[in-house]
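Just passing along the structure, written as structure tokens.
In what follows, residues are counted from 1 in the order of the sequence shown.
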Amino acid sequence: MKLLIIRHGDPNYSIDSLTEKGWREAEYLSERLSGMDIKKFYVSSMGRAKDTASFTLKKMGRSAEECKWLREFAPLICHPGEKEEKIVWDWLPQDWTKEERFYQKDHWFEPELLREAKVREEYEWVTGELDRLLERHGYVREGNYYRVREANTDTIVFFCHFGLGCVLLSHLLGISPMVLWHGFCAAPTSIAEVVTEERRKGIASFRMRAYGDTSHLYVKGEEPSNSARFCECYDNAQERHD
């Protein structure tokens with residue numbers, strides 16, 4: 001089974017939708033997806049993800065199951081040295097790298113700031129819902145792998161968000177999401193692809209085959225949005241800063 005985890009198009013956060021560029025990205029994405037044999041679509045409850053999905057669904061004459069748990073990962077915390085709450089996963093390197101537990105898949109949620117924001121509870125809700133969905137598609141979580149109840153080669157598509165997508169991948173691959181949040185880059189409409197491997201009958205695990213794939217933009221001459229990343233050098237005034 002193949003899972004495609006897709007970030008929404010270039011966002012206009014003020015109205016929870018897409019920028020003009022984001023609508024173009026969604027159109028180019030639909031041209032790519034509409035040629036695939038896709039078993040099922042799932043979409044976040046947030047507008048920017050639903051708008052991104054709309055082109056593909058219309059072109060294919062399909063609908064998507066809306067899932068609240070696919071919304072952007074919700075917990076907020078007051079980061080070190082700041083007064084206002086922000087998303088839990090956007091830390092400065094000099095702050096989060098000091099905490100060794102952030103690198104550990106079974107301990108990253110233990111620091112006090114994350115415990116106060118009930119980050120573990122949110123993570124377990126999201127990943128629990130993912131596992132219930134995968135069970136519907138024939139794969140049942142058992143420890144750190146999946147028992148195969150009904151082997152298949154279906155393609156499942158998720159239209160969601162960067163932070164949430166990292167949560168899904170961290171669960172499937174056994175990695176702390178803090179490492180993914182700060183070390184991976186998913187440009188708007190980029191695709192992460194993970195597939196099952198059943199090396200012994202009845203036992204499956206997931207392997208990532210691609211991450212941040214924006215080839216559907218390049219073939220149209222559309223540069224990926226820079227909203228996924230920050231300036232490469234601090235003095236690069238034309239690039240994104242905090």
Side-chain angles (χ1 to χ4, degrees), residues 3 5-8 11 13 16 42-46 48-49 65-137 139-147 156 158-186 192 194 196 204-208 211-212 228 230 242:
L3 309 181
I5 301 171
I6 302 174
R7 187 186 176 194
H8 56 75
Y13 289 117
D16 189 22
Y42 297 95
V43 65
S44 159
S45 57
M46 303 188 81
R48 53 193 183 271
E65 182 176 328
E66 184 176 320
C67 302
K68 186 176 181 179
W69 57 273
L70 283 175
R71 71 187 184 192
E72 184 57 289
F73 197 60
L76 300 174
I77 64 171
C78 191
H79 290 267
E82 298 185 6
K83 296 180 180 180
E84 295 184 1
E85 289 186 325
K86 293 172 52 178
I87 50 178
V88 67
W89 43 268
D90 185 13
W91 290 62
L92 291 172
Q94 61 266 35
D95 294 326
W96 82 269
T97 56
K98 294 177 182 177
E99 176 55 74
E100 184 62 32
R101 287 174 292 182
F102 281 154
Y103 293 91
Q104 302 170 12
K105 75 179 184 69
D106 294 322
H107 300 282
W108 66 272
F109 45 76
E110 292 178 346
E112 184 177 359
L113 281 176
L114 274 63
R115 284 190 286 107
E116 291 175 350
K118 299 187 182 301
V119 173
R120 181 179 185 179
E121 289 86 341
E122 183 83 4
Y123 181 88
E124 290 180 346
W125 171 58
V126 170
T127 56
E129 291 295 325
L130 173 63
D131 283 339
R132 279 184 278 276
L133 184 150
L134 293 177
E135 186 169 345
R136 287 163 48 189
H137 288 279
Y139 293 83
V140 182
R141 184 83 174 192
E142 195 166 284
N144 290 319
Y145 64 85
Y146 289 84
R147 179 167 44 84
I156 311 299
F158 299 91
F159 290 97
C160 53
H161 309 264
F162 168 68
L164 190 284
C166 288
V167 168
L168 303 185
L169 291 172
S170 76
H171 183 62
L172 295 172
L173 303 177
I175 303 171
S176 162
M178 289 290 288
V179 175
L180 303 181
W181 286 329
H182 296 92
F184 281 40
C185 175
V194 290
T196 54
S205 60
F206 283 90
R207 185 183 292 271
M208 184 184 292
Y211 186 83
F230 293 97
D242 285 297

Please examine the side chains of L113 and P80, heavy atoms only from C-beta on, and report whether any two atoms are closer than 4.5 Å.
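With C-beta onward as the side chain, the pair touches.
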Shortest non-hydrogen pair, F102 vs W96, comes out as CD1-O, 3.2 Å
Using every non-hydrogen atom in the two residues, find where I156 and Y42 come nearest and quote the distance to one decimal.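 For I156 versus Y42, the nearest heavy atoms are CG2-CE1, 3.5 Å.
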(request) Using a 4.5 Å cut-off on heavy atoms from C-beta on, say whether the side chain of L3 contacts that of L168. (result) no
All heavy atoms of F206 vs all of L173, minimum pair found to be O-CD2, 3.5 Å
Subject >> Minimum side-chain heavy-atom gap W108-V179 below 4.5 Å >> reply: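 Side chain of W108 against side chain of V179, heavy atoms only: no contact under 4.5 Å found.
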Exercise. Are any side-chain N or O atoms of H182 and backbone N or O atoms of P93, one a donor and one an acceptor, separated by less than 3.5 Å?
Worked result: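 No, H182 side chain to P93 backbone: no donor-acceptor pair under 3.5 Å.
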Query raised in the report: Is there a side-chain contact between L169 and I175, using heavy atoms and a 4.5 Å cut-off?
Result: no
Under 3.5 Å donor-acceptor, E99 side chain and R101 backbone =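 The answer is yes, because a donor-acceptor pair under 3.5 Å joins these two groups.
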Scanning both residues in full, the closest heavy-atom pair of C160 with A49 reads O-CB, 4.2 Å
Salt-bridge present (R71, E129; N to O < 4.0 Å): no
Candidate list V126, N144, D131, test side-chain contact (heavy atoms from CB on, under 4.5 Å), partner H171, passing option
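It is D131, the one option of V126, N144, D131 that forms the side-chain contact (heavy atoms from CB on, under 4.5 Å) with H171.
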Compare all side-chain heavy atoms of W91 with those of T97 and state whether any distance is below 4.5 angstrom.
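No, too far: nothing below the 4.5 Å cut-off.
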Partner of F162 under ring pair (Phe, Tyr, Trp, His ring centres under 6.0 Å), picked from W181, F184, W89, is W89
* Would you check if there is a donor-acceptor pair between the side chains of D90 and H79 at a distance under 3.5 Å? => no
Looking only at the side chains, is there a donor atom on one of E142 and Y145 sitting less than 3.5 Å from an acceptor on the other? yes
Distance in Å, R132 CZ paired with T127 OG1, rounded so as to fall on 0.5 Å steps: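 Going from the CZ atom of R132 to the OG1 atom of T127 covers 9.0 Å.
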Discussion item. When you compare the side chain of L76 with that of V88, does any pair of heavy atoms fall below 4.5 Å?
Written reply: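 No, side chains not in contact.
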Quick one, V43 and L70 - any side-chain contact, counting heavy atoms below 4.5 Å?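 Of all side-chain heavy-atom pairs linking L70 with V43, none is under 4.5 Å.
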Worksheet item: Between L114 and Y123, is a side-chain contact (heavy atoms from CB on, under 4.5 Å) present by the stated rule, with each step listed?
Response: CA-CA 11 Å; L114 274 63; Y123 181 88; over 6 Å; no
**Request:** Of all the heavy-atom pairs spanning S45 and K68, show the shortest one and how long it is.
**Result:**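 It is OG-CA, 3.8 Å.
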Exercise. Would you find more than 12 non-hydrogen atoms of other residues, nucleotides or ligands less than 6.0 Å from Q94 atom CD?
Worked result: yes
How long is the straight-line distance from CG of L134 back to OG1 of T196, given to the nearest 0.5 Å?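 CG of L134 is found 10.0 Å from OG1 of T196.
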- Query: Short question: side chain of R115, backbone of E110 - any donor-acceptor pair under 3.5 Å?
  - Reply: yes
All heavy atoms of A117 vs all of P75, minimum pair found to be O-CB, 4.1 Å
So, E72 side chain and G163 main chain: donor-acceptor pair closer than 3.5 Å or not?
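Judged by distance alone, yes, a pair lies under 3.5 Å.
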Does any part of the side chain of F158, heavy atoms only, come nearer than 4.5 Å to the side chain of I6, both counted from C-beta?
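I6 does not reach F158 side chain to side chain.
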| Basic-acidic side-chain contact under 4.0 Å: R120, E124 |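 So R120 pairs with E124 through a salt bridge.
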